[in-house]
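Okay, structure first, notes after.
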Amino acid sequence: MSTTATATRLLDPARWEDRIWTGEWVPAAGGKHECHSPSTGQPLTTIGFASPDQVDIAAEGAAAAQRDWAGRTYEERAAVLRRAGDLWLAHIDEVTQWLRAESGSAADKARFEVRTAAQECYEAAALASMPYGEVLRSTQPRLSLSRRLPVGVVAVIAPFNAPVVLSIRAVAPALALGNAALLKPDSRTVVSGGVTLAAIFEEAGLPPGVLQVLPGPGATTGERLITTPRTRVIAFTGSTSAGRRVGELAAHHLKRAHLELGGNNALIVLDDADLDRAPGVGATGSFTHQGQICMATGRHLVHESVADEYVARLTELAEALVVGDPAGEDPVQLGPVIDAGQRDGIHAIVTDSVREGATLCTGGSYERLFYRPTVLDHVTRDHRAFREEIFGPVAPVIRFTTLDEAVELARDSAYGLSLGVLTRDVMRGLQLADRIPSGNVHINDQTVNDEAPVPFGGVGDSGTGSRHGGHLANIEAFTETQWTTLRGELPRYPF
């Protein structure tokens with residue numbers, strides 16, 4: 001995908017190469033980085049890195065711009081968010097092509113991201129006019145009330161796997177509630193997860209400086225976003241190990257951190273599950289976007305009475321999936337994993353688990369960054385494929401005999417993000433799910449589920465219990481509570 005081929009009214013690489021967005025494209029002081037297609041290895045574009053000093057300057061500029069933005073009427077803020085939603089849809093083909101080339105997203109997944117980004121903006125537009133306080137009782141002759149006010153400047157640190165959605169879901173509500181946002185996209189998906197947001201909101205009429213896009217190498221830029229004095233809330237999506245560091249650093253600086261982290265999610269297939277559909281449900285949970293999703297189905301817990309048939313059908317589905325370059329002419333269902341480090345980590349878990357006694361039914365091989373959909377049977381809790389988040393296209397199957405055993409296996413994880421239960425008896429499924437800690441539960445569906453209006457988040461090593469999405473969760477995330485009282489005249493005090 002050449003840069004000349006993608007020069008359009010919205011995304012023109014000539015504007016951003018070697019630059020960062022601070023309300024305008026300015027030279028980057030932190031060096032530059034060449035972005036490559038994970039499918040072909042060919043260069044796509046060159047992006048600029050923000051220096052630590054530029055992060056401080058950006059935060060000061062965002063704080064100044066935020067004061068005017070917060071003073072706008074809710075109607076003005078909502079109008080910008082609605083226009084942004086329309087622009088995502090108007091440019092869906094262009095943004096989709098970048099997602100396919102830059103992040104290895106299959107076409108359906110890429111278009112889903114862009115449509116979800118539009119919906120996030122529409123939901124945020126409605127958020128701008130939501131009630132933001134309550135009248136409180138008081139023993140004094142006064143009006144007592146609480147108000148939710150903007151926090152000021154929000155730092156958003158987003159990952160590579162769903163770069164549009166995992167950026168916009170924090171940026172849009174933060175802006176709608178009167179905040180400014182500093183966005184650090186992953187350096188491997190800067191165009192999808194950063195440049196597109198800058199271009200969309202510029203065209204939507206967002207005032208300069210209210211949103212700034214600050215890519216950077218490694219953890220340097222992200223840490224500066226946390227420590228710079230002007231940021232008050234940190235919205236981080238990424239690995240649990242990185243999230244611990246973010247949480248520690250934010251706590252040291254007395255800042256709130258909303259952490260949406262990893263998962264090793266269980267899909268429980270009960271003995272009465274519909275076996276004509278269950279394997280397809282499980283395959284979707286494990287193989288969508290090459291398994292590079294925090295909600296991916298990492299453990300298929302299958303009742304022993306149906307396990308043989310389930311594994312056979314799951315294997316057949318995996319072998320039929322087409323793996324290839326999503327940016328090419330031919331339709332594919334799985335693209336590449338993001339880089340060689342990710343691929344090697346996946347392969348190590350698979351080969352170690354097979355050496356430990358798991359049965360390789362299909363897959364377990366790769367060409368360049370294209371990892372074949374893999375099914376492992378007879379996995380036990382001693383195997384790495386059970387214990388660890390794989391973040392790749394691997395479906396480990398663990399067999400169980402009793403419901404108590406299924407609960408024990410599902411609970412045997414530090415994570416608690418998403419859970420699926422497949423059964424014809426939905427109340428039985430819900431009763432089972434009630435015994436397993438999880439931020440999200442889906443009866444008769446797989447674990448990869450998210451929508452703009454819902455409060456999404458996990459527990460345990462999957463996050464701090466904070467939520468993205470839904471008007472109540474977003475107001476809680478991106479505002480501060482202020483107690484305010486009003487008297488008609490001054491009170492008399494004894495001194």
Side-chain angles (χ1 to χ4, degrees), residues 50-67 69-70 132-134 136 145-159 166-167 169-185 209-214 216 218-262 439 455-469 472-485:
S51 69
D53 287 345
Q54 280 185 312
V55 173
D56 290 338
I57 294 169
E60 289 292 336
Q66 184 268 334
R67 288 189 286 272
W69 175 243
Y132 64 104
E134 58 182 336
L136 306 173
L145 53 92
S146 66
R147 299 190 294 170
R148 302 301 301 242
L149 304 178
V151 297
V153 180
V154 176
V156 180
I157 303 173
L166 299 182
S167 295
R169 72 172 181 180
V171 168
L175 296 179
L177 290 167
N179 299 289
L182 303 179
L183 169 62
K184 179 192 178 298
V210 178
L211 170 65
Q212 304 191 38
V213 179
L214 309 170
T220 304
T221 304
E223 290 187 357
R224 193 59 162 254
L225 282 170
I226 299 168
T227 60
T228 195
R230 287 294 189 178
T231 57
R232 298 308 310 157
V233 165
I234 316 301
F236 173 85
T237 303
S239 70
T240 297
S241 58
R244 291 185 192 280
R245 173 60 181 156
V246 170
E248 290 169 359
L249 197 58
H252 180 77
H253 289 269
L254 302 179
K255 300 182 181 185
R256 276 191 282 153
H258 302 296
L259 307 176
E260 203 273 279
L261 310 176
F456 179 88
V459 297
D461 283 4
S462 293
T464 52
S466 58
R467 294 291 186 271
H468 291 289
L472 293 177
N474 281 330
I475 290 173
E476 177 69 24
F478 300 116
T479 64
E480 301 281 10
T481 300
Q482 181 189 79
W483 180 40
T484 302
T485 66

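We use all heavy atoms of the structure for the numbers below, so side chains are in, but hydrogens, waters and symmetry mates are not. Positions are given from 1, in the same order as the sequence printed here.
A salt bridge does not link Glu476 with Arg467: none of the charged nitrogens is closer than 4.0 Å to a carboxylate oxygen.
Closest heavy-atom contact between Thr221 and Gly216: OG1-CA, 3.1 Å. Nearest heavy atoms, Ala62 versus Ala180: O-CB, 3.5 Å. The two residues Ala63 and Arg230 make their nearest non-hydrogen contact at CB-CD, 3.6 Å. Closest heavy-atom contact between Gly247 and Ala257: CA-CB, 4.5 Å. Closest non-hydrogen pair, Thr220 versus Pro52, comes out as CG2-CG, 4.2 Å. Phe478 approaches Ala170 most closely through the heavy-atom pair CZ-O, 3.8 Å.
With Glu260 contributing its side chain and Gly458 its backbone, the two residues share no donor-acceptor pair below 3.5 Å. Between the side chain of Trp69 and the main chain of Leu175, a donor-acceptor pair closer than 3.5 Å is present. Using modelled atom types, no side-chain atom of Asn179 and backbone atom of Val153 make a donor-acceptor pair closer than 3.5 Å.
In this structure, CD1 in Ile57 is found 10.0 Å from CD in Gln212, a value given to the nearest 0.5 Å. In this structure, NZ on Lys255 lies 3.0 Å from OG1 on Thr231, to the nearest 0.5 angstrom. In this structure, CG on Leu145 lies 8.5 Å from CD on Gln482, to the nearest 0.5 angstrom. Rounding to the nearest 0.5 angstrom, the gap separating the CD1 atom in Ile157 from the CG atom in Leu182 is 10.0 Å. Between the NE2 atom in His258 and the CZ atom in Phe236 there is a gap of 14.0 Å [rounded to 0.5 Å]. From Arg169, atom CZ reaches atom CG of Asn474 across 10.0 Å, with rounding to the nearest 0.5 Å.
Side-chain atoms of Leu214 and Gln54, non-hydrogen and from C-beta on, never get closer than 4.5 Å to each other. A 4.5 Å side-chain heavy-atom check between Leu136 and Trp483 finds at least one atom pair inside the cut-off. Put simply, the side chain of Leu472 does not reach to within 4.5 Å of the side chain of Pro455, judged on heavy atoms. Residues Asp461 and Arg244 have side chains in contact (heavy-atom distance under 4.5 Å, counting atoms from C-beta outward). Contact annotation: the side chain of Ile234 never approaches that of Leu225 to less than 4.5 Å [non-hydrogen atoms, C-beta and beyond].
For Thr228, the side chain to side chain donor-acceptor pair (under 3.5 Å) partners two or more places apart in sequence, or in a different chain, are Asp56. For the side chain to side chain donor-acceptor pair (under 3.5 Å) test, no residue two or more places apart in sequence or in another chain qualifies with Thr227. For Thr479, the side chain to side chain donor-acceptor pair (under 3.5 Å) test picks out Arg148, with sequence neighbours left out. Residues that satisfy the salt bridge (charged side-chain N to carboxylate O under 4.0 Å, His left out) test with Arg232, not counting sequence neighbours, are absent from this structure. With sequence neighbours left out, Thr464 forms a side chain to side chain donor-acceptor pair (under 3.5 Å) with Ser466.
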Could you go through Glu223 and Leu249, starting from their C-alpha distance and side-chain angles, then the distance that decides it, and tell me whether this counts as side chain to side chain contact (heavy atoms under 4.5 Å, CB included)? CA-CA 8 Å; Glu223 290 187 357; Leu249 197 58; 3.9 Å; yes
Hey, mind stepping through Glu480 and Arg256 against side chain to side chain contact (heavy atoms under 4.5 Å, CB included) and telling me if it holds? CA-CA 11 Å; Glu480 301 281 10; Arg256 276 191 282 153; 3.4 Å; yes
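Within the structure, no pair that satisfies the salt bridge (charged side-chain N to carboxylate O under 4.0 Å, His left out) test touches residues 171-180, not counting sequence neighbours.
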